[in-house]
2 protein chains.
Amino acid sequence: MMMIMIEVKRASSRRREIAHMKVSREQMVENRRRILEAAGRLFRARGFEAVTVAEVMRAAGLTHGGFYGHFRSKDDLIAATLAELVVAPEPEPTALSDFAARYLSPGHRDNPGDGCPVAALVSETIRQAPEARAAMTEGLRRQIARLADGADAVDPKAARQAAIGSWAAMVGAVIFARMSDDPDLSDEVLAQTRAWIARGA
Amino acid sequence: MMMIMIEVKRASSRRREIAHMKVSREQMVENRRRILEAAGRLFRARGFEAVTVAEVMRAAGLTHGGFYGHFRSKDDLIAATLAELVVAPEPEPTALSDFAARYLSPGHRDNPGDGCPVAALVSETIRQAPEARAAMTEGLRRQIARLADGADAVDPKAARQAAIGSWAAMVGAVIFARMSDDPDLSDEVLAQTRAWIARGA
DNA sequence: TACGATACATGATGATGATCATGTTTAGAG
DNA sequence: CTCTAAACATGATCATCATCATGTATCGTA
């Protein structure tokens with residue numbers, strides 16, 4: 001859930017130094033990583049549509065022209081970013097209630113850019129290209145499995161039900177909390193959802 | 001949750017008949033209603049960004065030029081549409097479990113255009129103008145109150161907690177179900193969330 | 001009944017942003 | 001050490017909108 005901050009200043013000055021330069025193979029790999037990292041942060045913070053290709057490249061310390069050397073299209077970048085964010089990470093086992101406590105915290109609500117990509121992007125992913133939906137669907141499968149492992153239920157069926165219900169509630173609650181323009185209601189949604197989940201985990 | 005279908009064909013031919021015509025006061029009121037109706041359907045089906053002003057007007061049987069006689073801007077239309085969809089309707093009392101059963105049905109999942117505006121649009125509303133967020137927040141308040149009324153809980157505190165937790169789970173589950181490209185997983189999310197809510201309602 | 005305001009149609013305008021075209025330079029093959 | 005292809009920068013292009021400008025015909029007032 002946390003994110004490595006990249007040094008934008010450094011990247012920016014580096015760009016000047018290496019202007020008009022073919023870059024080493026490892027530098028290119030590093031550049032691709034930066035692009036995905038920047039895209040992950042920007043997409044989560046502002047959504048797929050609102051973020052421009054040029055902006056992602058700038059945040060990665062490059063200019064817009066080089067983009068199509070790394071990705072076929074913006075759709076391609078979106079799919080790759082989702083794959084990176086939701087299917088690449090190794091799932092760590094966690095107790096469901098611990099996870100819910102962190103997930104439903106004001107800190108998470110207030111920092112979408114380095115928060116859960118599902119809460120930030122599921123809804124938009126509905127209308128994205130098949131590859132993007134596939135990545136998000138795979139992420140959903142894994143998250144359900146992970147939470148079912150961390151649920152203390154009597155049997156696997158009950159664990160899976162708790163995982164699905166709790167996960168839906170967590171994501172819904174964070175979306176509500178981010179949308180609300182009333183801070184008290186926002187806090188209440190987080191706290192009550194957490195209590196509601198604890199009651200049945 | 002249901003919607004009145006407007007006769008697009010009829011509206012379209014009517015447009016031809018009344019080309020270049022100042023319209024009666026009641027016709028203008030009717031036109032505004034049609035615009036909001038069309039916007040409600042299109043926004044829910046495809047999101048705020050993907051729908052163009054011209055398209056809304058066309059669906060309402062008019063052309064793009066007249067739009068600014070009714071609304072100050074597209075943002076203004078968005079706010080007005082949300083107000084219409086989520087705060088205007090008179091809340092009918094419903095048992096929470098009955099409501100959840102309808103809400104978590106495949107029929108609702110498969111017809112966003114005449115389905116719940118919250119499931120379709122909360123997430124995008126986070127980045128909309130203050131008026132839009134205010135309308136959606138007010139809708140959230142009312143829905144929580146309505147569901148709390150319909151919950152059979154021992155005390156009002158428990159009812160409110162059940163309302164918030166269940167509502168977050170319902171919206172999250174419908175979003176998941178719409179996003180999933182795996183029909184089995186999609187169905188499972190709906191069914192399990194419904195069971196999970198029933199367990200604690 | 002005549003006229004002025006208005007509701008809408010048609011046709012710009014201007015900005016934005018994805019994608020392409022071209023140039024420069026050096027990494028890395030030979 | 002040479003050359004060539006690659007990687008990125010700069011500068012188009014082209015489409016898509018939101019919004020504005022103008023014209024027309026009728027509604028509703030006087």
Side-chain angles (χ1 to χ4, degrees), chain A residues 11-36 38-39 42-43 46-81 127-129 132, chain B residues 11-36 38-39 42-43 46-81 127-129 132:
Chain A
S12 173
S13 65
R14 189 182 54 77
R15 171 169 34 145
R16 238 185 308 281
E17 291 161 21
I18 64 166
H20 281 185
M21 169 168 134
K22 183 190 172 191
V23 110
S24 73
R25 194 160 296 158
E26 61 181 278
Q27 181 63 251
M28 187 201 170
V29 170
E30 164 70 7
N31 284 344
R32 185 190 159 94
R33 218 181 43 71
R34 276 173 195 266
I35 295 171
L36 284 171
L42 287 169
F43 285 153
R46 314 221 315 273
F48 297 129
E49 313 240 9
V51 174
T52 71
V53 167
E55 194 173 8
V56 170
M57 293 300 279
R58 209 175 308 130
L62 301 168
T63 61
H64 65 281
F67 177 79
Y68 293 86
H70 289 280
F71 301 94
R72 226 191 320 281
S73 63
K74 187 181 177 184
D75 280 0
D76 189 22
L77 172 67
I78 289 172
T81 302
R127 295 142 197 154
Q128 294 302 321
Chain B
S12 172
S13 66
R14 190 181 55 76
R15 170 169 34 144
R16 238 184 308 282
E17 291 160 23
I18 63 167
H20 279 187
M21 168 168 133
K22 186 192 172 191
V23 112
S24 73
R25 195 161 297 158
E26 61 181 277
Q27 182 63 253
M28 187 201 169
V29 170
E30 164 70 7
N31 284 345
R32 186 190 159 94
R33 218 181 42 72
R34 275 173 196 266
I35 296 172
L36 284 171
L42 289 168
F43 285 154
R46 314 222 314 272
F48 297 129
E49 313 240 12
V51 174
T52 69
V53 167
E55 194 171 7
V56 170
M57 294 300 279
R58 210 175 308 131
L62 300 168
T63 60
H64 65 281
F67 177 78
Y68 294 86
H70 290 280
F71 301 94
R72 228 191 321 281
S73 63
K74 187 181 178 183
D75 280 1
D76 189 20
L77 171 67
I78 289 171
T81 302
R127 295 142 195 153
Q128 294 302 323

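Because the structure is a prediction, the values reported are computed rather than measured. In the text below, chain A, chain B and the rest are named by the order of the sequence lines, each starting its count at 1. Just so you know, these numbers use all the heavy atoms, side chains as well, and skip hydrogens, waters and symmetry mates.
For A:Arg32 and D:dA6, the CZ to P distance is 17 Å, given to the nearest whole Å. Summarising the geometry, the separation between CD1 on B:Ile35 and C1' on C:dC8 is reported as 10 Å, rounded to the nearest angstrom. One atom, CD of B:Glu26, and another, P of C:dA7, lie 14 Å apart when rounded to the nearest Å. What separates CZ of B:Phe67 from P of D:dA21 is a distance of 17 Å, to the nearest Å. One atom, CG of B:Leu62, and another, C1' of C:dT10, lie 14 Å apart when rounded to the nearest Å. Per the geometry, CZ belonging to B:Arg34 stands 12 Å off P belonging to C:dC8, to the nearest Å. Here D:dA7 presents its P atom at 8 Å from CZ of A:Arg25, a figure rounded to the nearest Å. The nearest whole Å value for the distance from the CZ atom in A:Phe71 to the P atom in D:dC8 is 11 Å.
The line from CE of A:Met57 to CG of A:Leu77 is 9.5 Å long, rounded to the nearest 0.5 Å.
Within the nucleic acid shown, B:Gly69 has no heavy atom closer than 4.0 Å to any nucleic acid atom.
Between B:Glu49 and A:Arg127, the closest side-chain pair of non-hydrogen atoms is not below 4.5 Å. Side-chain contact check for B:Arg46 versus B:Leu42: some heavy-atom pair is nearer than 4.5 Å.
The side chain of B:Asn31 places no N or O atom within less than 4.0 Å of a non-bridging phosphate oxygen (OP1 or OP2) of C:dA7.
Contacts of A:His64 classified as side-chain contact (heavy atoms from CB on, under 4.5 Å), with partners at least two apart in sequence or in another chain: A:Ala54.
Using a distance-only test at 3.5 Å, with no hydrogens or angles considered, no donor-acceptor pair links the side chain of A:Glu30 to the main chain of A:Gln27. Remark: the backbone N or O of A:Phe48 is paired with a side-chain donor or acceptor of A:Lys74 at under 3.5 angstrom.
Residues A:Met57 and B:Asp75 each lie close to DNA chain D; by heavy-atom proximity, the contact nearer the 5' end of the strand is made by A:Met57.
Results of the side-chain contact (heavy atoms from CB on, under 4.5 Å) test with A:Thr81 over A:Leu36, A:Asp76, A:Ile35 single out A:Leu36 as the only residue that passes.
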Between the protein and nucleotides 14-18 of chain C, list the N/O to N/O atom pairs that are separated by less than 3.5 angstrom.
residue: C:dA18; atom: OP1; partner: A:Lys74; partner atom: NZ; Å: 3.1
residue: C:dA18; atom: OP2; partner: A:Val53; partner atom: N; Å: 3.0

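Nearest nucleotide to the side chain of B:His70, out of C:dC8, C:dA29, D:dC8: C:dC8. Residue B:His64 has its side chain nearest to C:dG11 when only D:dC8, C:dG11, C:dG28 are considered.
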